[in-house]
Number of protein chains: 2
Amino acid sequence: MNIGEAARTSGVSAKMIRYYEQIKLIDPPQRTETSYRTYGENDIHTLRFIRRARDLGFSVEQMKTLLALWRDRSRASADVKAIALDHIAQLEHKAAAIAAMMKTLKHLAGHCHGDDRPDCPILDDFAEAPDENSPHLPPRFGLSGLA
Amino acid sequence: MNIGEAARTSGVSAKMIRYYEQIKLIDPPQRTETSYRTYGENDIHTLRFIRRARDLGFSVEQMKTLLALWRDRSRASADVKAIALDHIAQLEHKAAAIAAMMKTLKHLAGHCHGDDRPDCPILDDFAEAPDENSPHLPPRFGLSGLA
DNA sequence: CTTGACCTTCCCATGATTGGAAGGCTTATC
DNA sequence: GATAAGCCTTCCAATCATGGGAAGGTCAAG
């Protein structure tokens, strides 16, 4: 099976398959005489595993560990669970940050009449809030990419 | 006030101030004879506005529009509100995606005994779920950066 | 005049992903 | 056998917001 078909059957784009190979998340597959990559059952299985993990928000680094554990028949399930719990904690952190933003924004939007007049509590807040209570943390405290 | 002090008083790093200038989010400030940037009251005010908007998750593009509306004394508050509501919708979308991931992960983790044995429902799910019900959407459907 | 703390510009890295260009291969059709 | 469509290959660039660092100029205090 060439890379296009592998992409279709695994749900991972050809671009990403090549990328995952490059960063050594997956092993280089066999090649035809003319340098075409060929994928077999096992490869597709692995790609599907990756696709599933990625859809659940795991990073490439986490997936590397998960794949290693998957292949290690003598792994301890505790190791897998620890990664999952850690990831859940990260997601919770992000969810909390988003919830906080939404709370503020909904409050502000709720007080903005939203008509032709220029008067706007949202802009007023942006302009006036000197940000006293939330001291200057490192920007976005790990929330990059959420906007 | 030079860029370091402006960074300290506005909560926006010097690096980012220069970047915002480069991408024309803010106007080039005055310079001393020796090319040092100097910032005044208005500039700090603008930087604080940006800091506040950024903390609420607005993208640079959205901030461009918000700044333009802020400076336009004849703006319609509806225009501001529309941006805010749009952003809230985006945040809600992300929150929903995160909640869905967490739900699945918590379920899987809850069924993993997490001890020395290799048996692990988490890995089993990753390996077996052929992803039938959720058809192949464009990867992460706009969730890049959440991992 | 030296030292240290600033400032300047420029380039590079991040993470996951997409896009495209330039060129080779395969397959089906004429 | 030629041709065209549709694959494949590698390489390079862009995204978004941010940080890191080098090489060199400047400023204030000792």
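Residue numbers start from 1 in every chain, and the chains themselves are labelled A, B, ... in the order their sequence lines are given, proteins ahead of strands. If you're wondering where the values come from, they're calculated on a predicted model, not measured in any experiment.
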Novice: Less than 4.0 angstrom from a charged side-chain N to a carboxylate O is my criterion; do B:Asp119 and B:Arg117 meet it?
Specialist: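 Answer for the salt bridge query: no.
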Novice: Establish, with yes or no, whether the OP1 or OP2 oxygen of D:dT26 is under 4.0 angstrom from a side-chain nitrogen or oxygen of B:Arg37.
Specialist: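 Result: no.
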Novice: Answer with yes or no whether B:Tyr19 presents, from its side chain, a donor or acceptor under 3.5 Å of a partner atom in the base of D:dG19.
Specialist: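 Not at all, since no donor on one side and acceptor on the other fall under 3.5 Å apart.
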Novice: Nearest whole angstrom, please: distance from the P of C:dG24 to the CZ of A:Arg31.
Specialist: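 The distance from CZ of A:Arg31 to P of C:dG24 comes to 17 Å, rounded to the nearest Å.
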Novice: Write down the distance between CD (B:Gln22) and C1' (C:dC11), rounded to a whole number of angstrom.
Specialist: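 Going from B:Gln22 (CD) to C:dC11 (C1'), I get 12 Å.
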Novice: With a sphere of 6.0 Å drawn around CZ of A:Arg31, does it hold more than 12 non-hydrogen atoms of other residues, nucleotides or ligands?
Specialist: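 It does: A:Arg31 CZ has more than 12 such atoms within range.
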Novice: Rounded to the Å, how far apart are B:Glu33 CD and C:dC7 P?
Specialist: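 B:Glu33 atom CD is separated from C:dC7 atom P by 18 Å.
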Novice: Could you tell me which non-hydrogen atom of A:Leu66 sits nearest to which non-hydrogen atom of B:Leu123, and how far apart they are?
Specialist: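 That would be O-CD2, 4.0 Å.
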Novice: In this structure, how many angstroms lie between the P atom of D:dC27 and the CD atom of B:Glu5, rounded?
Specialist: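 Going from CD in B:Glu5 over to P in D:dC27 covers 16 Å.
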Novice: Starting at atom CD of A:Glu21, determine the distance to atom C1' of D:dC8, rounded to an integer number of angstrom.
Specialist: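 Value for this atom pair: 13 Å.
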Novice: Rounded to whole angstrom units, what separation is found between the CD atom of A:Gln90 and the C1' atom of C:dG15?
Specialist: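 Checked: the CD to C1' distance equals 13 Å.
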Novice: Toward the 5' end of DNA chain C, which comes first, A:Thr34 or A:Lys15, by nearest nucleotide?
Specialist: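 Whichever sits nearer the 5' end wins; that is A:Lys15.
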Novice: How close or far is atom P of D:dA17 from atom CZ of B:Arg54, stated in whole angstroms?
Specialist: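 Roughly 11 Å, once rounded to whole Å.
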Novice: Quick one: label A:Arg18 by what it contacts on the DNA or RNA (base, sugar-phosphate, nothing), any heavy atom closer than 4.0 Å.
Specialist: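 Counting heavy atoms under 4.0 Å across all strands, the contact made by A:Arg18 includes a base.
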Novice: Between D:dC7, C:dT18, D:dT9, spot the one nearest the side chain of A:Ser13, thanks.
Specialist: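 The answer is C:dT18, which lies nearest to the side chain.
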Novice: Can we say A:Glu61 and A:Lys64 salt-bridge, meaning some charged N sits less than 4.0 Å from an Asp/Glu carboxylate O?
Specialist: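 Yes, A:Glu61 and A:Lys64 are salt-bridged.
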Novice: In terms of side-chain heavy atoms of B:Tyr20, which of D:dT18, D:dA17, D:dC7 is nearest?
Specialist: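 Output: D:dT18.
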Novice: Send over the distance from A:Phe58 CZ to C:dG15 C1', rounded to a whole Å.
Specialist: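 In whole Å, C:dG15 C1' and A:Phe58 CZ are 17 Å from each other.
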Novice: Specify the residue among A:Met16 and B:Ala14 whose closest nucleotide of DNA chain C lies further upstream toward the 5′ end.
Specialist: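 Closest to the 5' end, via its nearest nucleotide, is B:Ala14.
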Novice: Under a 4.0 Å threshold between the charged nitrogen and the carboxylate oxygen, would A:Glu128 count as salt-bridged to B:Arg48?
Specialist: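 Salt bridge absent between B:Arg48 and A:Glu128.
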Novice: Side chain of B:Tyr36: nearest nucleotide among C:dT18, C:dT8, C:dT26?
Specialist: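 The listed nucleotide nearest to B:Tyr36's side chain is C:dT8.
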Novice: On the nucleotide D:dC7, are OP1 or OP2 found under 4.0 Å from the side-chain N or O atoms that A:Asn2 carries?
Specialist: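 Answer no for this pair, as no side-chain N or O of A:Asn2 is under 4.0 Å from OP1 or OP2.
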